[in-house]
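Remarks on the structure that follows.
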Amino acid sequence: MPYDQNNIFAKILKGEIPCKKINDDEYYLAFHDIQPKAPIHVLVIPKGKYISAQDFHEKASPEEISGFYKGLAKVVESLNIKNDGFRLISNCGLNGGQEVPHFHVHILGGKKLGPMLKD
Ligand code: 5GP
């Protein structure tokens, strides 16, 4: 499956639709999820065109991978959730329930999140 140039996060990266941006650099963009599932719900996406976690881990360069994850750590730091804890989620593909086909990591926090999955 090729990368969909018009997925919603591609449009955010191109500036075609707005987002509540937290920060970015050449490797990543962090912004608030439009339908937050927790008091803190932030999405971190790479600037490069990768469909999913699997695609990113397979195809991104070492610089892109370290730039992305260092960016993610910086965002966690800026959200002030390090001490209380938080959850990272990346839904991948059909079984993962991924809706937007541009790799993203959800950062969730701000309260006790409970069990990871519904029974
Ligand atoms: P997924 O199910 O693919 O892991 O998560 C996609 C996430 O993107 C969802 O949590 C959804 O609320 C969020 N989302 C979808 N469209 C937009 C949008 O236009 N702006 C923002 N900020 N988030 C979006």
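Start at 1 and go down the list; that is how both ligands and their atoms are numbered. Side chains are part of it too, since the values below use all heavy atoms of this structure and drop only hydrogens, waters and symmetry mates.
A donor-acceptor distance shorter than 3.5 angstrom exists from the side chain of Ser90 to the backbone of His104, with no hydrogens or angles considered. Proximity of a side-chain donor or acceptor of Asn7 to a complementary backbone N or O of Asp4 within less than 3.5 Å is detected. A side-chain donor-acceptor contact under 3.5 Å links Gln98 to the backbone of Gly93.
With hydrogens and angles left out, the side-chain atoms of Gln5 and Lys14 include no donor and acceptor closer than 3.5 Å. At a cut-off of 3.5 Å, with distance as the only test, no side-chain donor of His57 or Tyr50 sits close to an acceptor on the other residue.
Using bins of under 30°, 30° to 60° and over 60° for the plane-to-plane angle, the ring pair His102/Tyr3 lands in the perpendicular bin.
Ion pairing between a basic and an acidic side chain is recognised when a charged N comes within 4.0 Å of a carboxylate O; Lys70 and Asp25 show no such pairing. Salt bridge Glu26/Lys47: absent, no basic N to carboxylate O contact under 4.0 Å.
Below 4.0 Å from some heavy atom of His106 lie the following atoms of ligand 1, by number and element: 1 (P), 4 (O), 5 (O), 7 (C), 10 (O). Counting atoms of ligand 1 from 1 in the listed order, those under 4.0 Å from a heavy atom of Glu99 are 1 (P), 2 (O), 3 (O). Interface atoms of ligand 1 facing Phe31, defined by a heavy-atom separation under 4.0 Å, are 21 (C), 22 (N). Short contacts between ligand 1 and His32, defined as distances under 4.0 Å to a heavy atom of the residue, involve ligand atoms 22 (N). For ligand 1 and Gly97, the ligand atoms under 4.0 Å from any heavy atom of the residue are 2 (O). Heavy-atom contacts of Leu43 reach the following atoms of ligand 1: 8 (O), 23 (N) (cutoff under 4.0 Å). Each of the following atoms of ligand 1 lies closer than 4.0 Å to a heavy atom of Asn91: 1 (P), 2 (O), 4 (O). Below 4.0 Å from some heavy atom of Gln35 lie the following atoms of ligand 1, by number and element: 12 (O).
Of the protein's non-hydrogen atoms, Ile34 N, 3.3 Å is the one closest to atom 23 (N) of ligand 1. Distance from atom 1 (P) of ligand 1 to its nearest protein heavy atom, with residue and atom name: His104 NE2, 3.1 Å. The shortest contact between atom 8 (O) of ligand 1 and any protein heavy atom is with Phe9 CZ, 3.4 Å.
Scored by the salt bridge (Lys or Arg N to Asp or Glu O under 4.0 Å) test, Asp33 finds no partners at all (sequence neighbours excluded).
For Phe103, no heavy-atom contact with ligand 1 is shorter than 4.0 Å. At a heavy-atom distance under 4.0 Å, only side-chain atoms of Ile8, from C-beta outward, approach ligand 1. Here Ile89 has no heavy atoms under 4.0 Å from ligand 1, in either its backbone or its side chain.
The list of ring-ring contact (aromatic ring centres under 6.0 Å, His included) pairs with a residue in residues 13-45, not counting sequence neighbours, reads Phe9-Phe31, His41-His106.
The shortest N or O to N or O distance between Asp33 and ligand 1 is below 3.5 Å. Considering backbone and side-chain N/O atoms, Val100 comes within less than 3.5 Å of an N/O atom of ligand 1.
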